[in-house]
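These figures come from a predicted structure and were not determined experimentally.
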Amino acid sequence: MTEEVKDNRIQTEEELSKKLYKLRMLNAEKAKINARRQKELDETEAWYRPEAKNIDDNIAKTNELIDDYARRQLADDKYWKYADRNGKVSKKKETKWDYDKDKILEAGVDDKFIKVKTTRELDWAEYKKTLNEIDDGRLVNENGEVVVSAKVSHGIKITIKPTEG
C-alpha cells in the first residue's frame, strides 16, 4: 500500500485569499488578547503599588524602632544581642574610610604605595595599613604627618533578620 503525501502548499489565488483572511483573523485575535492582558496588568499594577508602598513604609518604621531599641540596649551592654523564634538582632562594628586618592597623591606618598597602570594610582589598601588614627578621626602617616583629605569614622551596624515564613 502506498500512502499519498498530502501537499499543504497553496495552489490557487482563492486558497491564498483564504489563508490571508485566516492570518488577518488570527492577528486580530492576538491583538484582542494582548489588549486584555495589558488591561489586567495595568489593573494589577494599580492595586499593587499602593499596597506594596504601605507595607514597605511599615517595614521601614518597624526597622527604625528595632534599631533604636538595639542601640539603647548596646549603650548599656556592649555585648547585647537578641534571638528568638521570630528572628535575630545583632550588631557589627563598621569602619568607614573617607579619603580622596588624588589629593593624597598630590601631597606625596612613598613610592611603595603607588600602583602604575596607565597612570600613577594610590594603593589605598596597602597605604591605610600604615596609618594611625588620632582622636578626631584624622589619620597620620608613619612620619607623624596628618594625611590630607583622609578621615576614618567608626559606627555600629544593626542587623535585623526576621525568621522567614
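For the side chain to side chain contact (heavy atoms under 4.5 Å, CB included) test, residues two or more places apart in sequence or in another chain that qualify with Arg71 are Asp67, Ile156, Ile158. Applying the side chain to side chain contact (heavy atoms under 4.5 Å, CB included) test to Arg9 and every residue at least two apart in sequence or in another chain returns Asp7, Gln11.
For the pair Asp57 and Lys61, the salt-bridge criterion is not met [side-chain N within less than 4.0 Å of a carboxylate O].
In this structure, Leu23 stands alone, with no Ile, Leu, Val, Met, Phe, Trp or Tyr side-chain heavy atom under 4.5 Å from its own, directly or through other members.
Under the 3.5 Å distance criterion, with hydrogens and angles disregarded, no donor-acceptor pair is assigned to the side chains of Gln38 and Asn34.
In this structure, Lys151 NZ and Ile134 CD1 are separated by 9.0 Å, a value rounded to the nearest 0.5 Å. Atom CG of Leu20 sits about 4.5 Å away from atom CG of Leu16, to the nearest 0.5 Å. We find the CG-OH distance between Leu131 and Tyr99 to be 11.5 Å, quoted to the nearest 0.5 Å. Between the OG1 atom in Thr44 and the CZ atom in Arg49 there is a gap of 12.0 Å [rounded to 0.5 Å].
Legend: side-chain hydrogen bond (donor to acceptor under 3.5 Å, both in side chains) pairs involving residues 75-88, not counting sequence neighbours, sorted by first then second residue: Tyr82-Asp84. Sequence neighbours left out, not one pair with a member in residues 14-32 passes side-chain hydrogen bond (donor to acceptor under 3.5 Å, both in side chains). Residue pairs meeting the side-chain hydrogen bond (donor to acceptor under 3.5 Å, both in side chains) criterion with at least one partner in residues 153-165, sequence neighbours excluded, are Thr95-His154, Glu133-His154.
A side-chain contact (heavy atoms from CB on, under 4.5 Å) with Lys39 holds for exactly one of Arg37, Glu43, Arg36; it is Glu43.
Within a 6.0 Å sphere centred on CD of Glu13, heavy atoms belonging to other residues, nucleotides or ligands number 12 at most.
A continuous path of Ile, Leu, Val, Met, Phe, Trp and Tyr side chains, each step under 4.5 Å between heavy atoms, connects Val152 with Tyr127, placing both in one hydrophobic cluster.
Counting heavy atoms from C-beta outward, Arg72 and Asp68 have side chains that approach closer than 4.5 Å.
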Review point. Are Val89 and Tyr69 close enough, and set up right, to give a side chain to side chain contact (heavy atoms under 4.5 Å, CB included), and what steps lead you there?
Key: CA-CA 10 Å; Val89 179; Tyr69 178 79; over 6 Å; no

